[in-house]
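Residues: numbered from 1 along the sequence shown.
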Amino acid sequence: MKRLFSTLLLLCFMSSPVMAKNILDKLTAAPGFEISLFADDVENARQIAVSSRGIVYAGSRNAGNVYALIDHNSDGVADKKIVIAKGLNMPSGLAIKDGDLYVGEVHRIIRFKNIDKHLKNPEYEVFYSDLPSERHHGWKFLRFAPNGELIIPVGVPCNICEEDPRFGRIFSLNTDTKEITTLAKGVRNTVGFDFHPSTQMLWFSDNGRDMMGDDIPPDELNRITKEEEHFGFPYVHGGVIVDPEFGEGKNIADYTQPALALGAHVAPLGIHFYTGKQFPDSYKQQLFVAEHGSWNRSKKVGYKVAVATIENAKVTKYTPLITGFMQDETTFGRPVAFAQLNDGSLLVSDDYANVIYRVSYKKN
């Protein structure tokens, strides 16, 4: 069984992407929205961030690269790509603060100081190194909190296993003292979170366990309401399903219910609260979700960008925005994460098609 699971996991990470020029023909967006290519040939593009000068940075997972993408004439298309680092340990997550680029490897956080001005000769320093080295669910997503602390997740090194205080957590790192605190636990694997623009509440995606069938347990959207809140793993899934191996004697009421239970295996990754002015008012301060798509299912699900409408801290609607990444069981793309440009358009990375899309809205 372990060998079978390892083989399936490897197949999940392998890709045979379509040509970038053909991917746009496969995608359909909600009325009024247009999809274009901001950049292609960005191998395994994962989390993206935009500097104050408008330079777009992208991490990767399997490729081990960090990229800088420059749109010199501001036409919505990157005309220069610079690989600023190679051979890193799954540098999937990144974030920018005060001009410095922070990159999350599996076992550490590195920092490129004043990165925009050092693209010709980029150098990094190790900023924080006290993280587990396990690679299974070890890739990161980074974001700075409104208080300036760096939010770091550590996924569990398994499909399902005993709770361990080193894993299955969302941590907050004080960048001055390097003191780390636990924000949430019982989190199997989150690689996407964002702070609500008004309430400052932290919302995050969480990928549920595999090998329980096609339709359970659900993946989740969650929000943190108190420090060290427990979201159930490995005892309870989706707020309602007791784990057959680790859930004996556990009370569902002891764990936080998800803000939204998504489909099983849809694999929500990056999430982003839209704060721009280009999209219609109904999208402002609403939560964009990248469903990366299933692997542990007889028929594929996910493979879309959706929008969760949030009213009074509750999800009232969940609507597809971009579809077509998968058609008739054939995969063409897998959306990962978001970043917002100054003009209000939204970038979406795709680690399967090796591209970054630009989503814009055209008023009639």
Task: Enclosure of Glu179 CD (heavy-atom neighbours >12, cutoff 6.0 Å) - done: no
Using atom types as modelled and distance alone, determine if a side-chain donor or acceptor of [X] lies under 3.5 Å from a backbone N or O of [Y].
X	Y	result
Asp164	Arg166	yes
Arg61	Met90	no
Tyr67	Glu43	yes
Lys300	Glu329	yes
Asp214	Ser298	yes
Ser349	Ala337	yes

Task: ring pair (Phe, Tyr, Trp, His ring centres under 6.0 Å) against Phe231, all qualifying residues, sequence neighbours excluded - done: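 For Phe231, the residues satisfying ring pair (Phe, Tyr, Trp, His ring centres under 6.0 Å) (neighbours in sequence not counted) are Phe204.
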Student check: side-chain heavy atoms of [X] and [Y] closer than 4.5 Å:
X	Y	value
His292	Asn207	no
Ile48	Phe338	no
Leu287	Tyr318	no
Leu142	Ile152	yes
Leu150	Tyr128	no
Thr225	Thr256	no
Arg46	Trp139	yes
Pro91	Ser60	yes

Task: Residue pair Thr275, Gln340: steps toward the side chain to side chain donor-acceptor pair (under 3.5 Å) verdict - done: CA-CA 8 Å; Thr275 58; Gln340 196 171 293; 3.0 Å; yes
TODO: Test ring-ring contact (aromatic ring centres under 6.0 Å, His included) on Tyr57 and Phe112 and set out the steps.
DONE: CA-CA 12 Å; Tyr57 294 91; Phe112 296 81; 8.5 Å; no
Just distance, no hydrogens or angles: give the donor-acceptor pairs under 3.5 Å from side chains in residues 304-311, sequence neighbours left out.
{"residue": "Lys304", "atom": "NZ", "partner": "Glu291", "partner atom": "OE1", "Å": "3.0"}

Task: Sequence neighbours excluded, every pair satisfying ring-ring contact (aromatic ring centres under 6.0 Å, His included) that has a member inside residues 170-193 - done: Phe141-Phe193
- [ ] Could you pull out the closest heavy-atom pair between Gly32 and Tyr361, with the gap in Å?
- [x]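 Residues Gly32 and Tyr361, closest heavy atoms: O-CD1, 3.3 Å.
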- [ ] Describe, in one word, how the ring planes of Phe33 and Phe279 are oriented to each other, choosing from parallel (under 30°), tilted (30 to 60°) and perpendicular (over 60°).
- [x]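 If you compare the ring of Phe33 with that of Phe279, the planes turn out perpendicular.
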TODO: Look at the rings of Phe273 and Trp203 and say which category their plane angle falls in: under 30° parallel, 30 to 60° tilted, over 60° perpendicular.
DONE: perpendicular
- [ ] Can you sort out the partners of Arg223 under salt bridge (charged side-chain N to carboxylate O under 4.0 Å, His left out), two or more places apart, ordered by chain and number?
- [x] none
TODO: List in chain and number order the residues that pass salt bridge (charged side-chain N to carboxylate O under 4.0 Å, His left out) with Glu34, two or more places apart in sequence or in another chain; answer none if no residue qualifies.
DONE: none
Task: Pairs where residues 120-144 contributes a residue and the test salt bridge (charged side-chain N to carboxylate O under 4.0 Å, His left out) is met, not counting sequence neighbours - done: Arg111-Glu125, Arg143-Asp194
Open item on the list: Pair Ser345, Asp343 - check side chain to side chain donor-acceptor pair (under 3.5 Å), show working.
Closed with: CA-CA 6 Å; Ser345 60; Asp343 66 357; 2.6 Å; yes
Task: Within 45° cone of Phe127 ring axis and under 6.0 Å: Lys178 NZ or CZ - done: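 Lys178 over Phe127 ring: yes.
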Pair [X] + [Y], salt bridge at N-O below 4.0 Å:
X	Y	value
Asp71	Arg358	no
Lys97	Asp100	no
Lys226	Glu229	no

- [ ] Using the salt bridge (Lys or Arg N to Asp or Glu O under 4.0 Å) rule, pick out the option among Asp243, Asp210, Asp219 that qualifies with Arg188.
- [x]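 Exactly one candidate clears the test, Asp210.
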